[in-house]
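See structure below.
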Amino acid sequence: MATDPLRVLVTGAAGQIGYALVPMIARGAMLGPDQPVILHMLDIEPAAEALKGVKMELVDAAFPLLKGVVATTDVVEACKGVNVAVMVGGFPRKEGMERKDVMSKNVSIYKAQASALEKHAAADCKVLVVANPANTNALILKEFAPSIPEKNITCLTRLDHNRALGQISERLNVHVGDVKNVIIWGNHSSTQYPDVNHAIVNTSGGQKPVRELVADDKWLNGEFITTVQQRGAAIIKARKLSSALSAASSACDHIRDWVLGTPKGTWVSMGVYSDGSYGIQPGLIYSFPVTCEKGEWKIEQGLKIDDFSREKMDKTAQELIEEKSLAYSCLS
């Protein structure tokens, strides 16, 4: 049965993550092996030539699912009719810059892109913000695109979620596909809280709790958490470049599960608009455990939170409250 193509916007498409992401989308890793796509790639004027080169490569790769490519530096053209928007473009923090300087640059970028999406994207457009500070960039986008439903604006913490799965699988020497239900709470920053209290592993003897199998609370409450929190910095140190392949792959995972649904009994981590669940202040974009069905996400409710977790969850919420006020001060 013929399926109409979906239009997928990638901003910052000539950058490292964009370059890793667009072939994954064109190959069906984001929306499934039977879903044709039209790629909309946006970047800034100085990257126009590089963007042209990416478009040439997409043509040369002859992807069967790729039904068209729009490569532009015009935000209105880029946003026209898009069903999914992956916001990778942003202003990176440079040496000697204060957080407020970075925040004010990104506030102006996300303000402009929000109004273009609101006016020109498809009414049900799903938005994923990847560029840092991801949670707060998503919040700014939500503020300036009030007609986009708040449930349709999310940020990427799936990379952290996948990093946590990877660390557990390495520690236990099991396949990563057998580990599930870790949680990333909070901000996509070094205050995030990777939580394994509800995580399980499929073993030959059935499902077992991660904490029981690892049998080392000192590692789980210490080194494991800091390794996940600081994995991005470790990759920059090793590669001399930030993580692009894993960021692109997890962006595909995020959208795929959101659109096509999570497996039964499995949740994933997504940065979503807080409704007050788990005592987190409403009005923040905060990472929660969510399940997805029929294109809708829902926060997994009723999980027991111990004192150790409570403290970590509140600490990362506090950072988001501070970021929010910093972002709002850039608007005045």
Side-chain angles (χ1 to χ4, degrees), residues 8-25 29-30 41-44 46-47 50-51 53-54 57 85-110 113 127-138 140-141 154-167 170 176 184 186-194 224-255 269-271 285 287 316 319-320 323 327:
V8 182
L9 166 65
V10 176
T11 72
Q16 264 218 102
I17 297 173
Y19 186 70
L21 178 59
V22 291
M24 293 182 188
I25 298 169
M30 179 176 276
M41 302 192 298
L42 175 70
D43 218 311
I44 53 175
L51 192 62
V54 178
E57 286 204 75
V86 186
M87 317 302 280
V88 180
F91 194 90
R93 187 170 181 173
K94 294 178 179 166
E95 214 171 330
M97 282 183 84
E98 292 297 321
R99 274 177 75 219
K100 179 148 189 189
D101 303 332
V102 188
M103 192 71 80
S104 90
K105 296 270 189 198
N106 280 297
V107 162
S108 59
I109 293 169
Y110 276 82
Q113 292 183 350
V127 182
L128 167 62
V129 177
V130 176
N132 286 322
N135 301 57
T136 302
N137 283 343
I140 294 299
L141 197 142
T154 64
C155 83
L156 186 71
T157 56
R158 183 61 175 268
L159 176 54
D160 310 296
H161 181 98
N162 288 351
R163 284 167 171 166
L165 293 175
Q167 289 303 305
E170 296 265 288
V176 72
I184 303 296
N187 199 1
H188 174 62
S189 76
S190 59
T191 67
Q192 63 174 263
Y193 170 44
F224 163 74
I225 291 174
T226 53
T227 299
V228 176
Q229 287 173 334
Q230 293 162 17
R231 187 69 162 184
I235 287 167
I236 290 172
K237 192 163 181 274
R239 279 190 82 221
K240 311 293 178 272
L241 292 164
S242 61
S243 39
L245 177 160
S246 52
S249 180
S250 56
C252 288
D253 292 344
H254 175 112
I255 297 287
S269 302
M270 284 170 64
I285 301 263
S287 181
T316 189
E319 183 182 52
L320 283 169
E323 274 189 20

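Given the structure is predicted, the values throughout are model-derived calculations rather than measurements. Values reported hereafter were calculated over all heavy atoms of this structure, with side chains retained and with hydrogens, waters and symmetry mates removed.
In this structure, the salt bridge (charged side-chain N to carboxylate O under 4.0 Å, His left out) partners of Asp160, at least two apart in sequence or on a different chain, are Arg163. With sequence neighbours left out, the side chain to side chain contact (heavy atoms under 4.5 Å, CB included) criterion links Ala13 to Val10, Met41, Leu51. Tyr19 meets the ring-ring contact (aromatic ring centres under 6.0 Å, His included) test with no other residue; sequence neighbours excluded. Checked against side chain to side chain contact (heavy atoms under 4.5 Å, CB included), Ala138 has the following partners two or more places apart in sequence or in another chain: Val129, Ile153, Cys155, Ile285. A search for side chain to side chain contact (heavy atoms under 4.5 Å, CB included) contacts involving Ala247 returns Ile17, Leu159, not counting sequence neighbours. Judged as a side chain to side chain contact (heavy atoms under 4.5 Å, CB included), and not counting sequence neighbours, the contacts of Ser189 are Asn187, Thr191, Glu319.
Ser249 has its side chain within reach of Met24: a pair of non-hydrogen atoms, C-beta onward, lies under 4.5 Å apart. Leu320 places a side-chain heavy atom less than 4.5 Å from the side chain of Thr136. At least one side-chain heavy atom of Gln113 sits less than 4.5 Å from a side-chain heavy atom of Leu42. Contact annotation: the side chain of Leu156 approaches that of Ser250 to within less than 4.5 Å [non-hydrogen atoms, C-beta and beyond].
When every heavy atom of Ala251 is checked against every heavy atom of Met30, the shortest pair comes out as O-CE, 4.0 Å. Of all the heavy atoms in Ser287 and Thr157, the pair that sits closest is OG-OG1, 2.7 Å. Nearest heavy-atom pair across Pro194 and Gln229 is CD-CG, 4.4 Å. A pairwise comparison of heavy atoms in Cys252 and Ala29 identifies CB-O, 3.8 Å as the closest pair. Tyr110 and Ala131 get closest at one heavy-atom pair: OH-CB, 3.4 Å. Smallest separation of non-hydrogen atoms from Arg239 and Ser242: NH1-O, 2.9 Å.
Within the model, atoms OG1 of Thr227 and CD of Gln167 stand 5.5 Å from one another, a figure rounded to the nearest 0.5 Å. Taking CZ of Arg231 as the start and CG of Asn162 as the end, the distance is 12.0 Å to the nearest 0.5 Å. Rounded to the nearest 0.5 Å, atoms CE (Met103) and CG (Asn132) are 10.5 Å apart. Separation of atoms CD1 (Ile140) and CD (Glu323) is listed at 10.0 Å; rounding is to 0.5 Å. One finds the OG1 atom of Thr316 at 12.0 Å from the OH atom of Tyr193 (value rounded to the nearest 0.5 Å).
A side-chain donor-acceptor contact under 3.5 Å links Ser269 to the backbone of Ile184. The main-chain N or O of Gly186 is found under 3.5 Å from a side-chain atom of Asn135 such that the two form a donor-acceptor pair. A donor-acceptor contact shorter than 3.5 Å links the side chain of Asp43 to the backbone of Ala14. A donor-acceptor pair is defined here as one N or O able to donate and one able to accept, closer than 3.5 Å; no such pair exists between the side chain of Gln16 and the backbone of Ser243. Thr11 places a side-chain N or O within 3.5 Å of a backbone atom of Val88 that can act as its donor or acceptor partner.
By the 6.0 Å contact criterion, NZ on Lys240 is enclosed, its count of non-hydrogen atoms from other residues, nucleotides or ligands being greater than 12.
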